[in-house]
Amino acid sequence: MKLLLIAAFFAATVTHAQTRWQLATGYRAESFHTQNIVWFTGEVERTTAGALRIEVRPNNTLFKLGDIGQAVQTAQVQAGETIMSNLVEAIPIAGADAIPFVVGSYADAKRLWDLQRPLIDKHFAARGLKALYAVPWPPQGLYTVAPIRSAADFKGMRMRTYNQATVRIAEMLGATPVDVPMVDVKKALASGQLDSMITSAVTGVENQVWSQFRHYHEINAWFPKNIVFVNLQAFDALQPAVRQAVLNAAGEAELRGWAMSQDEAAGSTRKLKAEGMQVDRIAAGFEAELKRLGERFSREWVRSVGNEANHIFVPYYFQR
């Protein structure tokens, strides 16, 4: 009802004045994240009766994914989307959702985001940015050639790694790290270079990993998030009612995006099963081992980030 009233207001008052933005993202047009952005921009245009039109520029066509944050900050483009881990050099607190084995469900991930959001808002504002909404990727699961019952089963395994965190996970579990970028995963699987890896069910389907792996363990290792944001000066230049329409649509896009992520995870997991993979949880004892690793990772992260990190993890662990 609120959106309808705003739309009616604009239809009655907007003349030929119109603001046009561009929104840059590094992800494909087919990605559920991009589809959600297109829905969001369409809702903004609809509820403002065209007073604000936002053109979505996907697939790195405007800026590369890693450059989008800086491009929005310097007003080379009005809005953008990136994965939050791309922001950690400038905003270390943005890395909270990439700490392994801390959250175990979408509910946990949402609780973590609710604690992280005020800090993100503060740091974004200091850099001339405004966060609109964030949506997680499906959780990271464990692919293996053989069933896993404990950390001891990783001895002798070759685990795909792609950053320092995954290298440490492999080493802590006793596996041999093998650095394989995502674009080379299919080639590595075809040549038998890998015995295990941690990635989402979605990525597993995209790379047809059942050619090598027979087991997918739903460990929900972490829920990395994408964040959609705008240049604060461009946002403040909008009429108050237009700003409110953007915020309303962003709130709905966040709810919609989290539901889309869960649907994407469930559909991809069904596809893995359909291709003959064994999909299950890990043994309770091994799950407890991973949680202990998560506590270790989070303590290390708090020490590296500083006292501000306690505003996330003290309530996360002790105020359930």
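- Residues Phe229 and Tyr133 keep their aromatic ring centres 6.0 Å or farther apart.
- Figure legend: cation-pi geometry between Arg111 and Tyr316, with NZ or CZ positioned under 6.0 Å from the six-membered ring centre and within 45° of its axis.
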**OP:** For Lys187 and Gln193, run side chain to side chain donor-acceptor pair (under 3.5 Å): C-alpha distance rounded to whole Å, both residues' side-chain angles, the deciding distance at 0.1 Å, then the answer.
**Re:** CA-CA 9 Å; Lys187 182 179 177 181; Gln193 297 179 41; over 6 Å; no
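- Atom CH2 of Trp258 sits about 8.0 Å away from atom CZ of Phe223, to the nearest 0.5 Å.
- Tested against Val102, the residues Phe313, Trp301, Trp222 include a single side chain to side chain contact (heavy atoms under 4.5 Å, CB included) partner, Phe313.
- Side-chain atoms of Tyr162 and Pro181, non-hydrogen and from C-beta on, never get closer than 4.5 Å to each other.
- Arg296 pairs by the salt bridge (charged side-chain N to carboxylate O under 4.0 Å, His left out) definition with Glu300, not counting sequence neighbours.
- If you chain together hydrophobic residues whose side chains sit under 4.5 Å apart, Met84 and Val302 fall into the same group.
- Nearest heavy atom pair, residue Phe63 against residue Ala24, reads CD1-CB, 4.3 Å.
- Expressed to the nearest 0.5 Å, how far CD of Gln208 lies from CG of Leu272 amounts to 11.0 Å.
- Annotation: Trp137 is in aromatic contact with Phe32 [ring centroid separation under 6.0 Å].
- Using a distance-only test at 3.5 Å, with no hydrogens or angles considered, no donor-acceptor pair links the side chain of Asp195 to the main chain of Val145.
- In this structure, the separation between CD1 on Ile227 and CG on Leu87 is 7.0 Å, given to the nearest 0.5 Å.
- To the nearest 0.5 angstrom, Glu254 atom CD is 6.5 Å from Trp113 atom CH2.
- For the residue pair Glu287 and His217, no side-chain donor N or O sits within less than 3.5 Å of a side-chain acceptor on the partner.
- Salt-bridge annotation for Arg256 and Glu43: absent, with no side-chain N of the basic residue lying under 4.0 Å from a carboxylate O of the acidic one.
- Separating the CD1 atom in Ile99 from the CZ atom in Phe297 is a distance of 9.5 Å, to the nearest 0.5 Å.
- Listed for the Gln35 side chain is a donor-acceptor partner under 3.5 Å among the backbone atoms of Glu30.
- Two residues are said to be in side-chain contact when any heavy atoms from C-beta on lie closer than 4.5 Å; Gln18 and Arg53 meet this criterion.
- The two residues Ala201 and Ala265 make their nearest non-hydrogen contact at CB-O, 4.4 Å.
- Side-chain atoms of Gln78 and Asn231 form no donor-acceptor pair, as typed in the model, at a separation below 3.5 Å.
- Between Met197 and Phe213 there is a side-chain heavy-atom pair separated by less than 4.5 Å.
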**OP:** Could you walk me through whether Glu252 and Asn248 pass the side chain to side chain donor-acceptor pair (under 3.5 Å) test, one step at a time?
**Re:** CA-CA 6 Å; Glu252 292 194 10; Asn248 290 344; over 6 Å; no
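- Ring planes of Phe154 and Phe286: tilted class, angle from 30 to 60°.
- For the atom pair CE of Met172 and CZ of Arg292, the computed distance is 13.0 Å after rounding to the nearest 0.5 Å.
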